[in-house]
Amino acid sequence: MTGIITLKAKREKSLLRKHPWVFSNGIAKVSGKPLQGETVDVYSHDGRFLAKAAYSPESQIRARVWTFDQQQDVNKDFFVARLQAAQASRDLLSEFCQTNAYRLVAGENDGLPGITIDKYQDVLVLQLLSAGAEFHKRNLIDALIQLYPEACLYERSDVDVRKKEGLEPAQGLLHGSLPAQPMEIEENGLRLLINVETGHKTGYYLDQRNNRAMVGKMAKDRRVLNCFSYTGGFGTYALAGGATEVTNVDVSDDALSIAAKNVELNGLDASRITHLNADVFKQLRDYRKEGRRFDMIVLDPPKFVDSKASLNRASRGYKDINMLAMQLLEPGGILATYSCSGLMPSGLFQKIVADAALDAGRDLQFLKTLEQAEDHPTSGPYPEGYYLKGFLCRVA
Ligand code: SAH
């Protein structure tokens with residue numbers, strides 16, 4: 001028997017608007033003893049069918065919707081259809097950039113809650129973040145093998161958020177054979193190394209692709225400071241774009257060593273790039289003390305906000321690095337600044353950057369708003385899908 005979730009009165013509104021989450025505090029009753037991750041039917045208080053969803057007994061998000069269609073079964077064919085739709089959306093990518101690495105599935109935004117799949121050439125890296133994704137792992141793998149018979153499937157579900165769903169971390173080969181790591185991808189004409197086994201997330205920050213290209217175009221004859229560089233994406237583009245000097249700053253030696261290899265791989269002038277293992281907060285202060293100046297600075301920090309409670313502290317962190325960066329810019333210098341925290345509203349981030357300019361004693365203009373690339377789409381009913389925001393600024 002299929003488990004059934006019955007919502008409290010008036011709690012069906014978000015599902016009627018096709019938002020895919022059912023919160024525990026909106027539930028009146030769970031019947032039929034569903035297993036963790038099993039598909040349940042969701043009904044309104046007055047008995048109307050609303051959705052089929054994955055049950056997650058340990059999470060505040062108690063169920064995530066697979067489908068609003070009562071006739072649709074959640075099986076291998078369901079995953080094949082959703083993956084085909086996701087691929088069709090990614091087929092548009094060639095209109096915007098040139099790449100053989102992209103996010104194939106962006107969870108809720110592709111009707112596949114809790115599932116992230118990044119495609120690096122023929123390697124598909126999966127992150128299964130929800131009980132439902134875990135429950136249907138076999139169906140998902142079979143669907144992927146059907147659609148991408150040549151591909152290697154590798155799992156990188158070694159992430160903390162799985163705990164909220166009552167799941168252990170998991171990592172390893174699921175199908176096929178993994179090419180030697182690091183492996184190469186090609187993005188906008190640059191060759192870049194990524195390591196899907198040991199890299200952050202699935203190996204690379206695909207979401208910044210367009211912003212890297214923009215920085216590359218603007219870097220000519222500029223001294224560029226790339227803060228939170230990871231494997232040097234922005235820095236490699238800047239060097240290729242004709243920067244006079246580039247400094248990558250990160251706390252990860254592994255990331256910086258890949259960054260150095262990327263310079264070599266593209267035949268770029270290694271004498272114009274420095275790789276610095278340092279804490280950005282401290283390094284920016286040290287540069288200020290030394291009177292060091294740059295013409296362009298990229299600030300792409302990790303997620304500072306992981307809960308609503310941490311928003312204030314995170315805001316101070318963003319303001320601090322933005323203020324320091326502005327103080328290091330020559331008059332007329334360019335700042336590309338980002339927040340990848342979904343919980344940081346775009347308007348608030350803009351205010352933080354504006355306030356940072358006041359504190360820095362510098363005049364600031366916002367030239368352009370920046371965002372995640374097109375392979376990280378936002379589903380209409382799910383504004384949470386829009387998480388990466390940034391501004392291109394000119395500092396006088
Ligand atoms: N800009 C990168 C992605 C940055 S991810 C790209 O386009 O690929 C954030 C990076 O910040 C990670 O590599 C992490 O190692 C680094 N990091 C986190 N805290 C740091 C700190 N306090 N100082 C320097 N680097 C930090």
Side-chain angles (χ1 to χ4, degrees), residues 97 99 101-103 118 120 125 159 182 184-188 190-196 198-216 218-219 224-241 246-263 266 273-287 296-306 310 313-314 316-322 324-325 328 335-342 344 370-373 375-376 387-392:
C97 66
T99 183
Y102 53 86
R103 179 149 295 185
D118 286 342
Y120 301 106
V125 185
V159 283
E184 209 180 301
I185 59 161
E186 197 175 316
E187 195 184 79
N188 294 318
L190 287 173
R191 298 164 68 184
L192 299 165
L193 290 170
I194 57 140
N195 192 321
V196 306
T198 59
H200 292 180
K201 303 208 289 185
T202 65
Y204 190 49
Y205 292 85
L206 293 162
D207 51 2
Q208 288 282 26
R209 185 187 310 106
N210 295 340
N211 297 322
R212 286 190 282 264
M214 177 196 70
V215 162
M218 297 184 72
V224 178
L225 175 61
N226 180 21
C227 298
F228 308 98
S229 69
Y230 188 50
T231 51
F234 281 102
T236 312
Y237 274 75
L239 203 55
V246 175
T247 308
N248 284 329
V249 183
D250 202 282
V251 284
S252 161
D253 271 332
D254 288 349
L256 289 171
S257 104
I258 290 195
K261 288 189 189 136
N262 283 336
V263 172
N266 291 284
I273 190 159
T274 306
H275 296 95
L276 204 58
N277 185 329
D279 173 13
V280 166
F281 288 84
K282 178 167 186 304
Q283 189 59 43
L284 293 176
R285 286 194 163 75
D286 289 351
Y287 280 149
M296 183 165 188
I297 299 181
V298 178
L299 289 178
D300 183 26
K303 195 156 97 177
F304 286 166
V305 196
D306 44 24
S310 65
R313 190 172 39 81
R316 284 196 293 277
Y318 284 118
K319 190 170 163 195
D320 190 38
I321 51 173
N322 279 279
L324 290 162
L328 298 181
L335 175 68
T337 183
Y338 303 91
S339 165
C340 63
S341 304
M344 168 60 73
L370 307 168
E371 61 206 355
Q372 64 216 48
D375 50 336
H376 295 61
Y387 65 96
L388 177 64
K389 58 210 72 84
F391 296 102
L392 184 72

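Both counts, for ligands and for their atoms, begin at 1 and track the order of listing.
In this structure, of Ile194, Asp207, Val251, the residue bringing a heavy atom nearest to atom 25 (N) of ligand 1 is Val251. The closest non-hydrogen atom to atom 7 (O) of ligand 1, taken over Arg212, Arg209, Gln283, Lys201, comes from Arg212. Selection from Asn211, Asp250, Thr236 by nearest heavy atom to atom 10 (C) of ligand 1 gives Asp250. For atom 19 (N) of ligand 1, the choice among Pro302, Gly233, Gly235 with the nearest heavy atom turns out to be Pro302.
The closest approach between Cys227 and ligand 1 stays at or above 4.0 Å for every heavy atom of the residue. Residue-ligand proximity: Lys282 is placed with every non-hydrogen atom at 4.0 Å or more from ligand 1. Heavy-atom distances between Thr231 and ligand 1 stay at or above 4.0 Å for every pair.
Comment: Asp375 engages Arg209 in a salt bridge, judged by a side-chain N to carboxylate O separation of less than 4.0 angstrom.
Of the protein's non-hydrogen atoms, Asp279 OD1, 2.7 Å is the one closest to atom 22 (N) of ligand 1. In this structure, the protein non-hydrogen atom closest to atom 2 (C) of ligand 1 is Asp300 OD2, 3.4 Å. Distance from atom 4 (C) of ligand 1 to its nearest protein heavy atom, with residue and atom name: Phe228 O, 3.2 Å. In terms of protein heavy-atom proximity, atom 5 (S) of ligand 1 is nearest to Tyr205 CZ, 3.4 Å.
Looking at Tyr287 and Thr247, their side chains come closer than 4.5 Å, going by heavy atoms from C-beta outward. No side-chain heavy atom of Ile321 sits less than 4.5 Å from a side-chain heavy atom of Cys227.
Phe281 and Phe304 have tilted rings, their planes meeting at an angle from 30° to 60° on a 0 to 90° scale.
Taking distance alone, with nitrogen or oxygen atoms compared against 3.5 Å, Val280 approaches ligand 1 more closely than that limit.
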